Number of protein chains: 2
Amino acid sequence: MVKTNGQKTAGQNDTERKIMEAAEEMFLRNGYNLTTTTMIARKAGVTHAMLHYYYRTKEQIFIKVLDRNLDELLASFHPVMKKDTPFWETLESGISTHFDFLMKHPELPTFILDTMRFNPELLESYKPRIRETLLRITGFHFSIIKDEIAAGKIRDVDPEQLLLDIITLNLSAFIMLPPARKVFTEISDTRSRQILENRKKEIIALIRSRLYGKL
Amino acid sequence: MVKTNGQKTAGQNDTERKIMEAAEEMFLRNGYNLTTTTMIARKAGVTHAMLHYYYRTKEQIFIKVLDRNLDELLASFHPVMKKDTPFWETLESGISTHFDFLMKHPELPTFILDTMRFNPELLESYKPRIRETLLRITGFHFSIIKDEIAAGKIRDVDPEQLLLDIITLNLSAFIMLPPARKVFTEISDTRSRQILENRKKEIIALIRSRLYGKL
DNA sequence: ATAATGTTTAACAGATTTGTTAATACACCG
DNA sequence: CGGTGTATTAACAAATCTGTTAAACATTAT
C-alpha cells in the first residue's frame, strides 16, 4: 500500500502521475458526475483497477484535484491589496490580475460552478477558507470604495453590486463564451486570446465609467 | 401506439403530461446527461416503462423539452425593436425585458449552457433559427448604436462588446449567483427576488454610464 | 357481450458504472 | 538465489441505466 521504492522519493511514480493528470483534465472539463473512472483510466492509458489501487475511490481522486486547484484559486486573490497605491490603480490592477489568472486557468470557473451545483458537499471542508478569503477581499474593496465615495472622488455606487459586476463580468468570459463559440463559431487559438484581451479592456472601461462617468 | 381515446382530444392524458412535467423539471435543472429516465419516472410517479411507451427514447423526451423552451426563448427577443422610439429608451427596455424574461425562466440560461457544453449535437437542428434570431437582434442594435455614435450622442463603444456586456451581465445573475448562494448563504425567496431587482437596476446603470458618462 | 384498441405492469436484457480480489509479474535486499 | 513487498492484470460483482417485450388490464365501439 505505502510506496517506498526508488523512483518516487521525489514524487509519484509514472502511473500515479498519469492518472492524476488525466483525472484533472477530465474533472475540470466535465465535472465530477460526468467523469467516469473508466474514462480517466483510458485517457491515462492504464487499467481502471490502477486508479482504485492508487486512489481508492473516485471521490478521493476528485478531492485531490479540487485541492490542487482551489489552493491556486484562493492564492490568486492575495497579491493586489495595498492601501497606499491610488484607488483606481488598485482596482484596475485587481480586475486585470483576476482576469489574467483566469486566462491561465480558463476551465477553473466552470469547474467550481459545476461543483457548487452538483457536489456542494465536496466543498464543505473548504468553506471556511473560501469564506475567509472572500471576506478579506470584499472587506478590503468595500473599504477603499467607501472611502473614495466619501471623498467625492467616484460616484455613489453600492460596493457589493460593483464587486458583483466585476466578478460576474470576468467569470462570464470563461464560463459562457466557450460553449457559445462551440455552437456558433469555431475559432482559432490566437483569435480566441485576442477576443479575451478585448473583453478585458472592455470590462475595465465599463467599471471605470461606472465610477467616474458624469451623466 | 397512436392515442385516440376520449380524454386527450384536448391534449395529453394524465400519465403523459406528468412525465413531461417531471422531465422538463429535471432536464432544466440537471441537463441531459445527469438526468436519468428512471429519475423522471420516479418523480412523475409512473413506471419507467411508461416513459418509453409515450416517448420512445430519452432523447425524444429531451427534444420535446428543448423545443418548448427554445421557442419561448427565441420569442422573448422579438418585442423591443422599434426604430422610432428614442435610443436609450429602446436599449433600456431591451435590457429590462430580457432580464424580466429570465426572471420568469431562471433555469433556462443554465439549461442552454449545459446543452451547448455537453450535447451540442442536439441543438444542431435549431442552429438556423437561433442564428437568424441572433443576427436580427444584433443587427438591429448594432445599427442603432452606430447611428447614435455617429450622431455624437453616446461614447464611441464597440457595439459587439456592449451587447456582450449586456447579455453576460444579465445571464450571470441566473447562471452564477444561484450556485454561489447554494454554497455560501441560503436565502429566502422574497430576498432572492429583491436581489435580482437590485441586480437589474445596477446592470442598467452600468450600461448607461458606459454610454453617457464623460470621464 | 365481445372484439379491438389503448394503457400499464413486471420481468428481462445488455451496457456501463464503481469497486474488489486473486493471481501474477517485477524489483529490490540480504 | 530466495524472499518480501510493490505493481499490474484480468476477472468478477453489485448497482444502475436505457430500452424491450409479453402478458394483464382498461376502455371503447359494434
Side-chain angles (χ1 to χ4, degrees), chain A residues 1-24 26-27 29-66 114-115 118-119 121-122, chain B residues 1-27 29-66 114 118-119 121-122:
Chain A
M1 190 75 83
V2 182
K3 296 132 276 163
T4 48
N5 69 353
Q7 49 186 326
K8 64 197 91 77
T9 50
Q12 307 145 316
N13 73 36
D14 203 50
T15 301
E16 191 174 352
R17 188 183 42 73
K18 280 193 296 187
I19 291 173
M20 181 46 68
E21 279 168 11
E24 183 155 36
M26 309 227 48
F27 278 136
R29 191 184 315 138
N30 299 334
Y32 184 78
N33 301 281
L34 288 179
T35 301
T36 69
T37 54
T38 317
M39 287 158 55
I40 295 175
R42 201 156 42 80
K43 165 150 289 192
V46 304
T47 322
H48 92 276
M50 279 295 86
L51 169 160
H52 294 287
Y53 176 71
Y54 282 108
Y55 297 97
R56 204 73 184 162
T57 66
K58 177 181 172 181
E59 187 171 317
Q60 288 305 311
I61 310 177
F62 185 79
I63 296 282
K64 283 242 162 75
V65 171
L66 197 57
D114 285 343
T115 307
F118 296 115
N119 313 91
E121 74 283 1
L122 298 177
Chain B
M1 190 75 84
V2 181
K3 294 134 276 160
T4 48
N5 67 355
Q7 51 186 324
K8 64 196 91 79
T9 50
Q12 306 145 316
N13 73 35
D14 203 48
T15 301
E16 190 174 354
R17 187 182 44 72
K18 280 193 296 188
I19 291 172
M20 181 47 67
E21 279 167 12
E24 183 155 36
E25 193 178 328
M26 308 226 52
F27 278 136
R29 191 185 313 138
N30 300 333
Y32 183 78
N33 302 280
L34 288 179
T35 301
T36 71
T37 54
T38 316
M39 286 158 56
I40 295 175
R42 201 156 42 81
K43 164 152 289 191
V46 303
T47 321
H48 93 277
M50 279 295 85
L51 175 155
H52 294 287
Y53 175 71
Y54 282 107
Y55 297 97
R56 203 72 184 163
T57 67
K58 178 182 173 182
E59 188 171 316
Q60 288 304 312
I61 310 178
F62 185 79
I63 295 282
K64 284 240 161 76
V65 171
L66 197 56
D114 285 343
F118 297 114
N119 313 91
E121 74 282 2
L122 298 177

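Predicted, not measured: the structure shown is a model, and the values here were computed from it. Residue numbers begin at 1 in each chain, while the letters A, B, ... track the order of the sequences.
Rounded to whole Å, the distance from CZ on A:F62 to P on C:dT18 is 13 Å. For B:I19 and C:dT9, the CD1 to P distance is 10 Å, given to the nearest whole Å. Rounded to an integer number of Å, the gap from A:M50 CE to C:dT21 P is 15 Å. One interatomic measurement links the two molecules: NZ of B:K58 to C1' of D:dT16, which rounds to 12 Å at whole-angstrom precision. Between the CG atom of A:D14 and the P atom of C:dC26 there is a distance of 17 Å, given to the nearest Å. Following rounding to the nearest Å, A:H52 (NE2) and D:dA14 (C1') show an atom-to-atom distance of 13 Å. Rounded to whole angstrom, the span from the OH atom of A:Y53 across to the C1' atom of D:dA10 amounts to 16 Å. If you take CG of A:L51 and C1' of D:dA7, they are 14 Å apart, rounded to a whole angstrom.
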- Check against side-chain contact (heavy atoms from CB on, under 4.5 Å), B:Y54 and B:N13: CA-CA 10 Å; B:Y54 282 107; B:N13 73 35; 2.7 Å; yes

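Residue contacts shown for A:T38 include a base, since a base heavy atom lies under 4.0 Å away.
Sequence order on DNA chain C of the closest nucleotides to B:H48 and B:T15 puts B:T15 first from the 5' end.
Residues forming a side-chain contact (heavy atoms from CB on, under 4.5 Å) with B:K43 (at least two apart in sequence, or on another chain): B:A22, B:E25, B:M26, B:R29. For B:R42, the side-chain contact (heavy atoms from CB on, under 4.5 Å) partners two or more places apart in sequence, or in a different chain, are B:M39.
Taking only side-chain nitrogens and oxygens, A:T47 never comes nearer than 4.0 Å to OP1 or OP2 of D:dA10. In this model, the phosphate group of D:dT8 is approached by a side-chain N or O of A:Y54 to a distance below 4.0 Å at OP1 or OP2. The shortest distance between the side-chain N/O atoms of B:T57 and the OP1/OP2 oxygens of D:dT18 is not below 4.0 Å.
For B:T57 (side chain) and B:Q60 (main-chain N/O), a donor-acceptor pair under 3.5 Å exists by modelled atom type.
Out of D:dT18, C:dT9, C:dG19, the shortest distance to the side chain of B:T37 is found at D:dT18.
Nearest heavy-atom pair across A:V65 and A:M20 is CG2-SD, 3.8 Å.
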